[in-house]
K.L.:
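This is the structure, below, for whatever I ask next.
Because the structure is predicted, anything quoted here is derived from the model rather than measured. Chain identifiers are assigned alphabetically (A, B, ...) following the order of the sequence lines, protein sequences preceding nucleic acid strands; residue numbering begins at 1 within each chain. Note that these values count all heavy atoms, side chains included, but never hydrogens, waters or copies made by symmetry.
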Number of protein chains: 2
Amino acid sequence: MTVATATAARRRAQAKTEYNAFLQVCPSRQVLARLSDKWVTLVLCAVAERPMRYGEITRAVAGVSQKMLTQTLRGLERDGLLSREVTPTVPVTVTYSMTPLGESLHTVVEGIKDWAETHMDQINDAREAYDSRVGTE
Amino acid sequence: MTVATATAARRRAQAKTEYNAFLQVCPSRQVLARLSDKWVTLVLCAVAERPMRYGEITRAVAGVSQKMLTQTLRGLERDGLLSREVTPTVPVTVTYSMTPLGESLHTVVEGIKDWAETHMDQINDAREAYDSRVGTE
DNA sequence: CGGAATCCTGCCTGATACTG
DNA sequence: CAGTATCAGGCAGGATTCCG
């Protein structure tokens with residue numbers, strides 16, 4: 001780190017400390033931080049259906065890079081949400097499946113999904129109203 | 001666009017189209033995309049307690065920049081989750097409060113929060129186990 | 001006070017190539 | 001097949017400044 005950036009870094013660290021206090025109040029932050037990862041939800045949805053191999057997930061969540069997929073899978077495994085099973089066949093086989101913990105999280109995510117399906121049209125209406133209002137004024 | 005990147009761009013667009021199909025299957029994605037915004041949840045939590053003014057939210061969610069706060073508030077307002085009320089006093093007063101729609105989303109978010117509080121220790125245990133396992137091997 | 005506009009940095013992300 | 005390593009770019013996000 002250069003001297004020039006020291007002050008900025010310092011202030012950032014300071015701010016980080018400050019809002020950590022608020023984060024303590026809201027423990028959901030840490031889990032939401034996980035769900036924030038764009039791919040986490042998709043992978044979770046995919047594997048929730050049935051255990052999948054690496055390649056299958058790649059295809060199911062088409063658009064994800066190996067890097068992100070691996071990173072996501074590692075994170076989910078680390079958090080005990082997915083289990084990774086290696087079968088030492090000749091071309092090595094790796095299967096990912098949900099853990100009970102992962103299942104329970106998936107249930108909650110389903111709750112959000114339900115909310116989304118129920119209220120999505122209201123949100124769209126609100127957006128259109130807002131946009132036309134802004135466009136008109 | 002150069003000729004050299006045409007192929008890559010093409011494939012990217014292709015992939016995008018593909019996983020859009022998957023996203024259609026998972027409508028929760030759009031709402032999750034909202035919740036993914038780091039600050040959305042925090043702001044939602046803050047305003048859910050009581051209507052707040054811009055400055056109050058800034059302090060409550062200490063660490064957020066005006067840019068991100070404004071951006072977040074605009075997004076939430078656009079989606080009809082928050083309402084923005086301007087009182088033309090001498091120093092203008094702007095108050096944000098939850099809409100019924102916002103309240104209902106907050107209820108769901110509370111569900112996540114509950115899950116988080118209930119299972120956070122399990123996740124931490126899993127993390128420690130994973131880390132020590134990796135560190136040992 | 002509440003916000004808009006600008007600039008600028010760093011990280012997230014993706015593409016590519018290589019390994020076991 | 002299931003990754004790892006490396007490189008390059010874009011864009012989210014922060015700091016700063018100015019306006020109503």
Side-chain angles (χ1 to χ4, degrees), chain A residues 1-2 4-16 18-19 33-34 36-40 42-43 47 51-77 82 84-96 134 137, chain B residues 1-2 4-16 18-19 33-34 36-40 42-43 47 51-78 82 84-96 134:
Chain A
M1 181 190 294
T2 67
T5 62
T7 307
R10 182 66 190 289
R11 277 209 307 278
R12 212 175 313 156
Q14 173 66 14
K16 203 134 193 169
E18 283 174 17
Y19 76 70
R34 281 259 151 253
S36 291
D37 283 286
K38 178 182 182 181
W39 303 113
V40 165
L42 293 172
V43 171
V47 179
M52 282 193 181
R53 293 175 52 187
Y54 187 89
E56 288 181 300
I57 302 178
T58 304
R59 283 183 295 275
V61 191
V64 69
S65 62
Q66 316 89 316
K67 181 181 178 180
M68 291 320 298
L69 180 55
T70 300
Q71 185 176 305
T72 301
L73 289 171
R74 287 285 178 280
L76 291 175
E77 185 196 357
L82 288 185
R84 178 173 178 270
E85 187 184 359
V86 181
T87 309
T89 49
V90 178
V92 62
T93 305
V94 180
T95 307
Y96 292 90
V134 171
E137 285 173 8
Chain B
M1 182 189 294
T2 68
T5 62
T7 307
R10 182 66 188 288
R11 277 210 308 279
R12 209 176 316 157
Q14 174 65 16
K16 202 134 194 169
E18 282 173 17
Y19 77 70
R34 280 262 151 251
S36 291
D37 282 286
K38 179 180 181 182
W39 303 113
V40 165
L42 293 172
V43 171
V47 179
M52 283 193 181
R53 294 175 53 187
Y54 187 89
E56 288 181 300
I57 302 178
T58 304
R59 284 183 293 276
V61 192
V64 68
S65 61
Q66 318 89 313
K67 181 182 178 178
M68 290 319 298
L69 180 55
T70 300
Q71 184 176 306
T72 301
L73 290 171
R74 286 286 177 280
L76 292 174
E77 184 196 357
R78 193 171 98 100
L82 288 184
R84 178 173 177 270
E85 187 184 359
V86 181
T87 310
T89 49
V90 178
V92 62
T93 305
V94 180
T95 307
Y96 292 90
V134 172

K.L.:
With heavy-atom distances below 4.5 Å as the criterion, would you say the side chains of A:V43 and A:Y96 are in contact?
P.N.:
no
K.L.:
Given A:V94, which partner from the list A:T87, A:V86, A:I57 fulfils the side-chain contact (heavy atoms from CB on, under 4.5 Å) test?
P.N.:
A:V86
K.L.:
What is the separation between atom CD on A:E85 and atom P on D:dA2, rounded to the nearest whole Å?
P.N.:
13 Å
K.L.:
Map A:M68 and A:V92 onto DNA chain C by nearest heavy atom, then report which one ends up closer to the 5' terminus.
P.N.:
A:M68
K.L.:
Starting from C1' on D:dA2, measure out to CD on A:E77 and report it in whole angstrom.
P.N.:
13 Å
K.L.:
Between D:dA2, D:dC1, C:dG14, spot the one nearest the side chain of A:R84, thanks.
P.N.:
D:dA2
K.L.:
Rounding to an integer number of Å, can you tell me how far A:W39 CH2 sits from C:dT13 C1'?
P.N.:
10 Å
K.L.:
List the steps and the verdict of side chain to side chain contact (heavy atoms under 4.5 Å, CB included) for B:Q66 and B:T58.
P.N.:
CA-CA 8 Å; B:Q66 318 89 313; B:T58 304; over 6 Å; no
K.L.:
Choosing from D:dC1, C:dC1, C:dG2, which nucleotide comes nearest the side chain of B:V94?
P.N.:
C:dG2
K.L.:
At what distance, to the nearest 0.5 angstrom, does OG1 of B:T95 lie from CG of B:L82?
P.N.:
12.0 Å
K.L.:
Can you check whether B:R53 has a side-chain N or O nearer than 4.0 Å to OP1 or OP2 of C:dG2?
P.N.:
yes
K.L.:
Pick the nucleotide of DNA chain C nearest each of B:K67 and A:Q66; which residue has the one closer to the 5' end?
P.N.:
B:K67
K.L.:
Can you measure A:L69 atom CG to D:dT4 atom C1' for me and round it to whole angstrom units?
P.N.:
14 Å
K.L.:
Tell me the interatomic distance from A:Q71, atom CD, to C:dG14, atom C1', rounded to whole angstroms.
P.N.:
12 Å
K.L.:
Side-chain N or O of A:Y96 versus OP1/OP2 of D:dG3: is the shortest distance under 4.0 Å?
P.N.:
yes
K.L.:
Can you check whether A:R59 has a side-chain N or O nearer than 4.0 Å to OP1 or OP2 of D:dC1?
P.N.:
no
K.L.:
What's the CZ-P distance between A:R74 and D:dA5, to the nearest Å?
P.N.:
11 Å
